[in-house]
Amino acid sequence: MAPTLTRRHPLFFAEVAGVDLSGPMTRAEFAWIQAAFDEHAVLLFRDQNIDDGDQVAFSAHFGPVQQTTNYAWRDETRRLRPDVTDISNIDHQGRIQGPDDQRRQNYRGNLLWHTDNSFKHVPARCSLLSARRLPATGGDTEFADMRAAWDALPEARRAELSDLVVEHSIFHSRALLGFTDFSETARAELPPVRQVLVREHPGSGRKALYLASHAARIVGWPASEGRALLNELTAFATREQFVHRHVWREGDLVVWDNRCTMHRARPFDDMNEARVLHRTTVSDEINTVERRRAQGA
Ligand code: OGA
Ligand code: MN
């Protein structure tokens, strides 16, 4: 069956049918998906009966699959292989994590609007999230189109923003949640990094705001002014017209483009119900400031 594509939002987010992610995929088949991805920024594949091996193999078509970083805890009891991130509220014995579990604290960071790994020197290009077990209600994921947000800004505003550079840190987003209990070693492993505020997407040529809860300050600006601008832009870019809410079904796989979208988890009854998703993360090629410099812009 030839793949088909159905828009689920006027600006971005499309559902692909007629693709089975559990088997190998030819380059031609993937080229179709890549083109759809470049245009729609988030793709949904439903009813996929896949295991972690299938997910990693599909992810590798998009680029290098990253190993998971454990900055919050030293995990001797990992549930999943190192190239699959455990987006769940259960422990290695299948029990719901306790209220003080560091993994639970860390997961709460996903409730803030963000793009994955902008706090790494080379951030994530895309992430793939597969729904394995879901709560009866809640636990949706929202996505926001940062290309549409950029397009909607007045011309004069865009000119002011174009060259700005932003410092991102995982410890900034975690501090916003009151989660500051990190060792010096953990902090030293993930020092603040610089990213451009406005990215140009190589696949579509479209510009996009590059924002995240990890964005801490504008380089060269007084802290409070930088924070005010980042807050204002985030509020603007996540207005209702730019946002699509995905209500998960078991067997869904969603791939989003971290270069031009943000996302956030929505709450659910996480003390009583299990929610288990497996994430693979594909790395970008180069730090965004270095890319801009290399392009002579
Ligand atoms: C992620 C993430 C949101 C969610 O996996 O990167 O932010 O709804 N997940 O679990
Ligand atoms: Mn995320």
Side-chain angles (χ1 to χ4, degrees), residues 13 41-45 50 52 55-56 58-59 62 65-72 78-90 96-97 101 103-120 123-146 168-170 172-174 176-177 179 190 195 210-215 234 237-238 243-271 273-284:
F13 201 110
V42 190
L43 298 179
L44 162 65
F45 302 82
I50 54 168
D52 290 346
Q55 186 171 339
V56 170
F58 177 53
S59 304
F62 288 90
V65 178
Q66 285 181 351
Q67 304 285 305
T68 295
T69 326
N70 266 344
Y71 42 82
R78 264 194 75 79
R79 293 193 320 117
L80 308 178
R81 48 190 272 181
D83 48 6
V84 178
T85 306
D86 187 4
I87 305 292
S88 82
N89 62 329
I90 60 171
I96 297 202
Q97 292 161 5
D101 195 308
R103 290 169 292 193
R104 172 190 297 279
Q105 307 287 330
N106 186 53
Y107 175 77
R108 298 196 74 76
N110 286 347
L111 294 164
L112 304 174
W113 282 111
H114 67 284
T115 179
D116 293 330
N117 292 358
S118 69
F119 56 84
K120 289 191 182 172
R125 175 182 297 165
C126 58
S127 302
L128 299 93
L129 196 57
S130 137
R132 308 294 173 94
R133 191 170 157 198
L134 296 169
T137 50
D140 304 338
T141 307
E142 287 182 333
F143 295 90
D145 185 346
M146 296 296 104
H168 292 242
S169 166
I170 183 70
H172 176 71
S173 55
R174 295 314 180 255
L176 292 174
L177 297 158
F179 188 28
L190 284 168
Q195 309 288 1
Y210 193 53
L211 294 164
S213 54
H214 317 301
T234 302
T238 56
V243 172
H244 177 74
R245 175 185 286 241
H246 178 58
V247 180
W248 293 95
R249 282 193 341 215
E250 278 171 13
D252 282 358
L253 180 131
V254 173
V255 51
W256 63 84
D257 197 322
N258 284 302
R259 299 167 295 188
C260 61
T261 61
M262 281 205 288
H263 60 279
R264 67 170 176 179
R266 304 304 290 149
F268 66 103
D269 184 5
D270 66 349
M271 290 303 295
E273 287 196 89
R275 179 179 186 265
V276 179
L277 299 102
H278 290 194
R279 193 183 91 191
T280 39
T281 317
V282 173
S283 179
D284 214 339

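Both ligands and their constituent atoms are indexed starting at 1 by order of listing.
Of all protein atoms, those of element N, O or S that lie under 2.8 Å from the Mn ion (ligand 2) number 3.
Not close to ligand 1: Trp248, with no non-hydrogen atom less than 4.0 angstrom away. Ligand 1 has at least one atom lying under 4.0 Å from a heavy atom of His114.
The protein heavy-atom contact nearest to atom 9 (N) of ligand 1 is Asn110 ND2, 3.8 Å. Nearest to atom 3 (C) of ligand 1 among the protein's heavy atoms is Ala265 CB, 3.7 Å. Looking only at protein heavy atoms, the nearest one to atom 10 (O) of ligand 1 is Arg275 NH1, 2.9 Å. The closest protein non-hydrogen atom to atom 8 (O) of ligand 1 is Thr141 OG1, 2.6 Å.
The ligand atoms of ligand 1 that sit less than 4.0 angstrom from a heavy atom of Ile87 are 5 (O), 10 (O). Those atoms of ligand 1 with a heavy atom of Tyr107 less than 4.0 angstrom away are 4 (C), 8 (O), 10 (O). Those atoms of ligand 1 that come under 4.0 Å of a heavy atom in Asp116, given as number and element, are 6 (O). Every atom of ligand 1 with a heavy atom of Arg279 under 4.0 Å away is listed here by number and element: 1 (C), 5 (O), 6 (O). Ligand 1 places these atoms under 4.0 Å from at least one heavy atom of His263: 1 (C), 2 (C), 6 (O), 7 (O).
Under the 3.5 Å distance criterion, with hydrogens and angles disregarded, no donor-acceptor pair is assigned to the side chains of Arg104 and Asn89. With hydrogens and angles left out, the side-chain atoms of Gln195 and Ser118 include no donor and acceptor closer than 3.5 Å.
Under the 3.5 Å distance criterion, the side-chain polar atoms of Ser283 are left unmatched by any main-chain donor or acceptor of Gln66. Distance alone, capped at 3.5 Å, places no donor-acceptor pair between the Glu142 side chain and the Val243 backbone.
The only option from Arg275, Glu250, His278 that meets the side chain to side chain contact (heavy atoms under 4.5 Å, CB included) definition with Arg132 turns out to be His278. The only option from His263, His114, His246 that meets the ring pair (Phe, Tyr, Trp, His ring centres under 6.0 Å) definition with Trp256 turns out to be His263.
The line from NZ of Lys120 to OG of Ser169 is 13.0 Å long, rounded to the nearest 0.5 Å. With values rounded to the nearest 0.5 angstrom, Leu111 atom CG is found 10.0 Å from Thr141 atom OG1.
Residue contacts with ligand 1: Arg266 is placed with no nitrogen or oxygen under 3.5 Å of a nitrogen or oxygen of the ligand (distance criterion only).
Looking at Arg103 and Asp86, no side-chain N of the basic residue comes within less than 4.0 Å of a carboxylate O on the acidic one, giving no salt bridge.
Within a 6.0 Å sphere centred on CZ of Arg108, other residues, nucleotides and ligands contribute 12 heavy atoms or fewer.
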